[in-house]
Structures are given as structure tokens and as C-alpha cells.
Amino acid sequence: MNAITFSEYLTSNTNLSPEIILEVENHCAKKIYKKGEFLNQAGEVSRYSFFVEKGLAKQYGIDSNGKEHIVAFAPESWFVSDRDSLYCKLPSVYYIQALEDTTVYLIDEVFMQKLSETDSSFAEFNTKLLHNNIRHLTNRIYMLLSATAEERYQYFIKTYPDITLRVPQTLIASYLGITPESLSRVRKELARKNFNR
């Protein structure tokens, strides 16, 4: 867990001036969600992107059989949102739920667009966020289509190095698109390989 404040994140990851960082901070509401509470629910039109300052959230959908499919986890210093709902003003198909008591900044999409139009450094930052989101989702799709369960799990560990100790194995299995039993076999096999090195 490597928690940094929203201001520290903006300072170290952008070229924004201190004045713009202060404007962003002042405009974005800070909110604490208790474990189990929803940041966003399916059927709602999303208004916000969320920056996780402390805690952990999951983004997931539920299929017609009632099965949960986790699209992403959002630990400290991650952004999470339903960009399709934000940009197209469509009802979201995803839930975003706190897995721990979670402190987030709510980043209003209208504010993001207006500030992007007036400040080129913020527009660059916003574009970078979009590209990071696309890169993450593209890699995720490729792994689900082509990788073995073991490769998916290793990619998961690389992507989310401290989540394995914070969430139940059933949630990790859901993210990987495998059964909890398959995940247990993968973990045992990896442990065996590492032990025999």
C-alpha cells in the first residue's frame, strides 16, 4: 500500500502549475466510502472519475445469470471510472464498489473538459489518463483471449502487486476469468516452481 495525496499525485505525475493543481483540488469533492458502499451503480449515468487516495475499489458487471465479472481493481493512486458512460452520457453497465473504507476524489467530467480547453498542460494530463486506460483495457482483453491461467495470474500480480493479500481469492479468480479452484491450482504450481529453483 503506497498512499499519496491527490495533490502529491498531481505534483509528481503532471506538469500542472501549482495554481491549476489548487483549482483542481478545490473543485473535486473528497469523499470517504465505507466498505461495501457503491461509488457508482449500474443503470446510473456516470458523472465522475474517481481518484483513490486511500483504500481499494472494484469495478464489475453482472451478467444475465447473476454472475459477477470484475473488470478492474482500483487501489491507491489509481483512477477508476466508466468512460463510456461519462463521455456518451449512457447508463453505466458497471458497479464501482469500495472493498475497504476508501477515500476518493470525485472528478467532474464537465470540469475536466472545460479545464482541458483552457489549459494545455491539463489537456495533456487528461489525454495521458485516457491512453493509460486504453492501454490497460487492451492488455486485459489480450490476456483474457490468449494467455494461460498462469500467465494471467502473473500479469495480475505485476499489475496489482499488493492486492493479493487484500482481497479474497474468489475476486481474483473473477478478474482472471477462471474458477477459484483453477486459481488455487495455479498458485500451487507457481509455488512448486519457485520452491524447486
Side-chain angles (χ1 to χ4, degrees), residues 1-2 9 13-14 39-42 46 48-52 55-100 102 104 107 109 112 116 123-194 197:
M1 186 186 306
N2 186 23
Y9 177 89
N13 289 278
T14 72
L39 290 67
N40 191 82
Q41 296 211 48
S46 299
Y48 302 106
S49 293
F50 303 94
F51 173 81
V52 179
L56 177 64
K58 65 175 178 177
Q59 181 178 12
Y60 67 97
I62 298 177
D63 67 21
S64 58
N65 295 317
K67 185 178 179 182
E68 180 181 304
H69 301 276
I70 297 178
V71 176
F73 290 100
E76 289 81 6
S77 300
W78 278 62
F79 290 85
V80 61
S81 66
D82 180 352
R83 285 190 170 266
D84 187 40
S85 182
L86 277 172
Y87 284 102
C88 300
K89 309 303 180 195
L90 297 172
S92 178
V93 298
Y94 297 113
Y95 297 88
I96 301 175
Q97 185 180 29
L99 293 173
E100 303 169 353
T102 301
V104 300
I107 306 168
E109 180 59 27
M112 292 272 280
S116 292
E124 182 182 335
F125 167 63
N126 201 15
T127 300
K128 182 181 176 182
L129 288 181
L130 177 60
H131 288 312
N132 282 343
N133 183 256
I134 292 170
R135 180 175 55 83
H136 176 72
L137 290 177
T138 302
N139 288 340
R140 177 123 168 70
I141 292 167
Y142 182 75
M143 294 301 288
L144 286 171
L145 291 174
S146 67
T148 65
E150 183 175 312
E151 289 168 338
R152 288 183 215 173
Y153 183 63
Q154 289 177 320
Y155 181 77
F156 173 84
I157 292 171
K158 183 179 176 184
T159 305
Y160 300 114
D162 33 330
I163 287 186
T164 54
L165 300 177
R166 297 169 68 180
V167 300
Q169 296 303 301
T170 52
L171 296 189
I172 297 174
S174 171
Y175 176 89
L176 297 175
I178 61 177
T179 65
E181 294 76 19
S182 294
L183 176 57
S184 181
R185 284 194 293 271
V186 166
R187 287 164 56 88
K188 286 176 183 174
E189 181 62 19
L190 284 173
R192 186 189 65 76
K193 286 180 181 178
N194 289 330
R197 280 182 180 174

Anything under 30° is parallel, anything over 60° is perpendicular, the rest tilted; go ahead and classify Tyr160 against His136.
-> perpendicular

One should read off an interatomic distance between Ile178 CD1 and Thr148 OG1, to the nearest 0.5 angstrom, of 9.5 Å

So do the side chains of Gln169 and Ile172 get within less than 4.5 Å of each other, counting heavy atoms only?
-> yes

Phe73 vs Tyr175 aromatic rings, parallel, tilted or perpendicular, using cut-offs 30° and 60°?
-> tilted

Does Tyr142 OH have over 12 foreign heavy atoms under 6.0 Å away?
-> no

Note: Arg140 and Val71 closest approach over all heavy atoms is NE-O, 2.8 Å

Determine the interplanar angle of the Tyr153 and Phe156 rings, folded into 0 to 90°, and report it as parallel if under 30°, tilted if 30 to 60°, perpendicular if over 60°.
-> parallel

Ignoring hydrogens and geometry, is there a side-chain-to-backbone donor-acceptor pair from Asn65 to Lys67 under 3.5 Å?
-> no

Which heavy atom of Asn40 sits nearest a heavy atom of Phe50, and at what distance?
-> CB-CE1, 4.4 Å

What distance separates Lys58 NZ from Glu68 CD, expressed to the nearest 0.5 Å?
-> 3.5 Å

What is the distance from atom CD1 of Ile107 to atom CE of Met112, rounded to the nearest 0.5 Å?
-> 5.5 Å

Taking all non-hydrogen atoms of both residues, which atom of Ser81 and which atom of Leu86 are closest, and how far apart?
-> CB-CD1, 3.8 Å

Could you tell me the separation between the OG atom of Ser116 and the CG atom of Asn126, rounded to the nearest 0.5 Å?
-> 4.0 Å

Given the rule in the side chain to side chain contact (heavy atoms under 4.5 Å, CB included) test, do Tyr95 and Gln41 qualify, once you have shown the distances and angles that lead to the verdict?
-> CA-CA 4 Å; Tyr95 297 88; Gln41 296 211 48; 3.7 Å; yes

Report the C-alpha separation of Ser46 and Asp82 in whole Å, then their side-chain angles, then the decisive distance to 0.1 Å, and conclude whether the side-chain hydrogen bond (donor to acceptor under 3.5 Å, both in side chains) test is met.
-> CA-CA 7 Å; Ser46 299; Asp82 180 352; 4.6 Å; no

Could you tell me whether the side chain of Glu109 and the main chain of Ser49 form a donor-acceptor pair under 3.5 Å?
-> no

CE (Met143) and CG (Leu176) are apart, to the nearest 0.5 Å, by 9.0 Å

Got a donor-acceptor contact below 3.5 angstrom from the Ser174 side chain to the Ile70 backbone?
-> yes

Kindly say whether Pro180 contributes a backbone atom to a donor-acceptor pair with the side chain of Ser184 at under 3.5 angstrom?
-> no

Check: Ser92 side chain, Ala42 main-chain N or O, donor-acceptor pair, under 3.5 Å = no

Take atom NZ in Lys128; do more than 12 heavy atoms of anything else shown fall under 6.0 Å from it?
-> no

Can you tell me how far the CD1 atom of Ile134 sits from the CG atom of Leu129, to the nearest 0.5 Å?
-> 11.0 Å

Which pair of heavy atoms, one from Val167 and one from Leu99, lies closest together, and at what distance?
-> CG1-CD1, 3.9 Å

So which pairs with a foot in residues 176-189 pass salt bridge (Lys or Arg N to Asp or Glu O under 4.0 Å), sequence neighbours left out?
-> Glu189-Arg192

Where is the tightest heavy-atom contact between Leu190 and Gln154, given as atom of each residue plus distance?
-> CD2-NE2, 3.5 Å

Is the side chain of Glu76 donor-acceptor paired with the backbone N or O of Gly55 at a distance under 3.5 Å, no angle test?
-> yes

